[in-house]
Protein chains: 2
Amino acid sequence: MNSGSFLWQVSLILQVINRGRDGMMAYRQTERVKEKRAQKRAQIIKAAREIFAQKSYQEVSIKALAKKAKIATGTFYLYFSNKEALINMIVDEMFQELLACIKEERACFTDSLDKLQASMKACIKLFVKEKEMAKILLVQVPGVNNAFNAKLIEIENEMIRFTRNDLDELKAQGRLPEEDTLVSAMAFVGSFRQVIINWLREGKPEDLDKAFATLMEYNMRGLGQVK
Amino acid sequence: MNSGSFLWQVSLILQVINRGRDGMMAYRQTERVKEKRAQKRAQIIKAAREIFAQKSYQEVSIKALAKKAKIATGTFYLYFSNKEALINMIVDEMFQELLACIKEERACFTDSLDKLQASMKACIKLFVKEKEMAKILLVQVPGVNNAFNAKLIEIENEMIRFTRNDLDELKAQGRLPEEDTLVSAMAFVGSFRQVIINWLREGKPEDLDKAFATLMEYNMRGLGQVK
DNA sequence: GTATAAAATGAATTCGGGTTCATTCTTATG
DNA sequence: CATAAGAATGAACCCGAATTCATTTTATAC
């Protein structure tokens, strides 16, 4: 490599000095590129959501994901540190979205029972709208690994906790019989979960909205007469 | 390899002739060995059940399993064709056991409602007795892979189908209001599933038997007045 | 247009775990 | 006791998938 001409060396030195002076570089910051990068990142996430809704975590290879996102395998690692980071991000985002939906829907009511019903309605509404998300959260992701699975379990337990809170309030108002609200909350959440999952897996209750009504009646009766 | 002495060759030939004559071999059949083999097989299954109750399918390596079973890794393959065959066998066995339990318990009753209750009681009873089995069936195995997962889903759906049958009978007897029995069956099964899983995962309803009673009341109310 | 740095590429590398296999150990036969 | 076959062993092999990296492409600054 005969790159040692005097002029070349001088230009290099000058450049270094220049950079040292004001941190200038030949290609810095961006704008259009920044935009492009964000777009590509979104592209990857979109592809990932699609593919993870169909196959389980370990069945999805980075190669396949990259292909779907129309990038090279190596490119993936320019946007995410690794495969697990990606799924983590996706699930976190989804969870946040779910919580936001529930909160929003609940804000419309003051009565505990109404709020409880609003929570479940929010879930159903979101899952119907974003079937992909539902499949990932409820059907696919559980098969990742014990460590990661904990997050999913956390979400489920959070739902139970919320529900129990509502039930406790109702109980305090004397609108629920003396029962273990923990068990009731689990029954409540579990019944919804089961119907939603079956709907996702084999489209069994064809009309989820109608099933929702049936389910809510079932649970209202189950809770005991709540006025 | 100078194994061509005349005498050696003759002995070899005689041996072959001998075998050809009456199928005699130096070491055939067994009895004590047969027993020993069966024992070792059971040893492997026992270790597998223990380890699969704690870790998910892919988190369990044959090496680790072999270690737990106190055998060499290669030995595993003298008893099972591969890892998947093992887990398949285990799950199949468990499912059979579960079905047998339910059938037995149901046989004690003639009334549909009693039978329905007996089914769930049988499940709970078995899962309490064989917590290991419950963990594998309900908590761990879902994370194997899509193809295998189908079996687990089949089990769950089978439970729903049974339940629905009972509900349809009750409905025919005019003991249930006009409701979608599919949704009711899912709610029924789902509520039990949720409670059992939480109990397995974090021992949350400490007393599962007591929770069972609460849960059954919840669902009886949920179904509507069944006489 | 040239030089340079970021972005993208995909073949090569790594790694972990399932499976195999040459070897050693055990058991039964004569 | 010698022989040979089955049982057991665990190191070696293999394969697939995650991750890396040398190289190429694209974008910017002058």
Side-chain angles (χ1 to χ4, degrees), chain A residues 3 5 7-16 18-19 22-41 43-44 48 51 55-67 69-87 144-145, chain B residues 3 7-8 11-12 14-16 18-19 22-41 43-44 48 51 55-67 69-87 144-145:
Chain A
S3 60
S5 91
L7 273 177
W8 189 83
Q9 286 197 359
V10 167
S11 84
L12 190 90
I13 288 163
L14 286 177
Q15 201 184 92
V16 168
N18 192 39
R19 275 202 217 154
D22 58 12
M24 192 71 170
M25 279 194 245
Y27 174 31
R28 260 266 239 87
Q29 287 188 301
T30 36
E31 201 37 56
R32 177 165 67 111
V33 166
K34 220 181 206 167
E35 171 62 28
K36 216 174 157 188
R37 257 187 142 260
Q39 213 174 296
K40 187 157 278 188
R41 188 185 155 88
Q43 199 181 115
I44 295 173
I51 206 165
K55 298 175 159 215
S56 77
Y57 180 72
Q58 40 269 335
E59 280 172 336
V60 174
S61 70
I62 297 296
K63 232 172 224 170
L65 169 61
K67 194 175 169 189
K70 294 184 205 301
I71 57 169
T73 55
T75 308
F76 171 80
Y77 291 91
L78 295 176
Y79 291 84
F80 297 92
S81 55
N82 55 42
K83 190 180 173 184
E84 192 163 331
L86 171 71
I87 190 76
V144 179
N145 63 56
Chain B
S3 60
L7 273 178
W8 189 83
S11 83
L12 190 90
L14 287 176
Q15 202 186 96
V16 168
N18 193 39
R19 275 201 217 154
D22 59 13
M24 192 72 170
M25 279 195 246
Y27 173 32
R28 262 265 239 90
Q29 287 189 299
T30 36
E31 201 38 56
R32 177 166 66 112
V33 166
K34 222 180 207 170
E35 171 61 29
K36 215 174 158 188
R37 256 187 143 259
Q39 213 174 296
K40 187 158 276 188
R41 188 185 155 89
Q43 199 181 113
I44 295 174
I51 206 166
K55 300 176 157 215
S56 77
Y57 180 72
Q58 38 270 333
E59 280 172 335
V60 173
S61 69
I62 297 296
K63 237 171 221 171
L65 169 60
K67 194 175 170 189
K70 293 185 206 301
I71 57 171
T73 56
T75 307
F76 171 80
Y77 292 91
L78 296 175
Y79 290 85
F80 297 91
S81 55
N82 55 42
K83 190 180 175 185
E84 193 164 330
L86 171 72
I87 190 76
V144 179
N145 63 54

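The chains referred to below are lettered A, B, ... by the order of the sequence lines, with proteins before strands, and numbering in each begins at 1. Below, each value reflects all heavy atoms present in this structure, side chains not excepted, and no hydrogens, waters or symmetry copies.
Distance NZ (A/Lys55) to P (D/dA17): 10 Å, rounded to an integer number of Å. Rounded to whole angstrom, the span from the CD1 atom of B/Ile87 across to the P atom of C/dG18 amounts to 12 Å. Remark: P of D/dA18 and CD of B/Gln58 are 13 Å apart, rounded to the nearest angstrom. Between A/Tyr57 atom OH and D/dA17 atom C1' the separation is 11 Å, expressed in whole Å. The NZ-C1' distance, from B/Lys34 to D/dA7, rounds to 16 Å in whole Å. The distance between atom NZ of B/Lys63 and atom C1' of C/dT20, rounded to the nearest whole Å, is 13 Å. Atoms NZ (A/Lys67) and C1' (C/dT9) sit 16 Å apart, rounded to a whole Å. Taking atom NZ on A/Lys40 and atom P on D/dT25, their separation rounds to 15 Å, with Å as the unit.
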From CA spacing to verdict: side chain to side chain contact (heavy atoms under 4.5 Å, CB included), B/Glu31, B/Glu35 | CA-CA 6 Å; B/Glu31 201 38 56; B/Glu35 171 61 29; 5.8 Å; no

Stepwise, does the side chain to side chain contact (heavy atoms under 4.5 Å, CB included) test hold for A/Phe76 with A/Leu86?
-> CA-CA 10 Å; A/Phe76 171 80; A/Leu86 171 71; 3.8 Å; yes

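Within the structure, every side-chain polar atom (N or O) of B/Arg37 is placed at least 4.0 Å from both OP1 and OP2 of D/dG6. For D/dT28, the OP1/OP2 oxygens have a side-chain nitrogen or oxygen of A/Arg32 closer than 4.0 Å.
The side chain of A/Ile62 lies closest to D/dA18 when the candidates are C/dG17, D/dA18, D/dA27. The side chain of A/Ile71 approaches C/dT9 more closely than any other nucleotide in the set C/dT27, C/dT20, C/dT9. Ranking C/dA7, C/dT27, D/dA8 by closeness to the B/Lys36 side chain, first place goes to C/dT27. The side chain of B/Val33 has C/dT27 as its nearest neighbour among C/dA8, C/dA7, C/dT27.
B/Tyr57 places a side-chain N or O within donor-acceptor distance of the main-chain N or O of B/Glu84, the cut-off being under 3.5 Å. Panel note: side chain A/Lys83, backbone A/Val60; a donor-acceptor pair is recorded below 3.5 Å.
Nearest approach of A/Leu65 to A/Ile44, heavy atoms of both residues: CD1-O, 4.2 Å.
Contacts between residues 74-83 of chain A and DNA chain C, counted as heavy-atom distances below 4.0 Å, involve A/Gly74, A/Thr75, A/Leu78, A/Tyr79.
Considering only heavy atoms from C-beta on, B/Leu78 comes within 4.5 Å of B/Arg37 through its side chain.
In this structure, the separation between OG on B/Ser56 and CD1 on B/Ile51 is 11.0 Å, given to the nearest 0.5 Å.
At a threshold of 4.0 angstrom between heavy atoms, the contacts of A/Thr73 include nucleobase atoms, whether or not backbone atoms are also involved.
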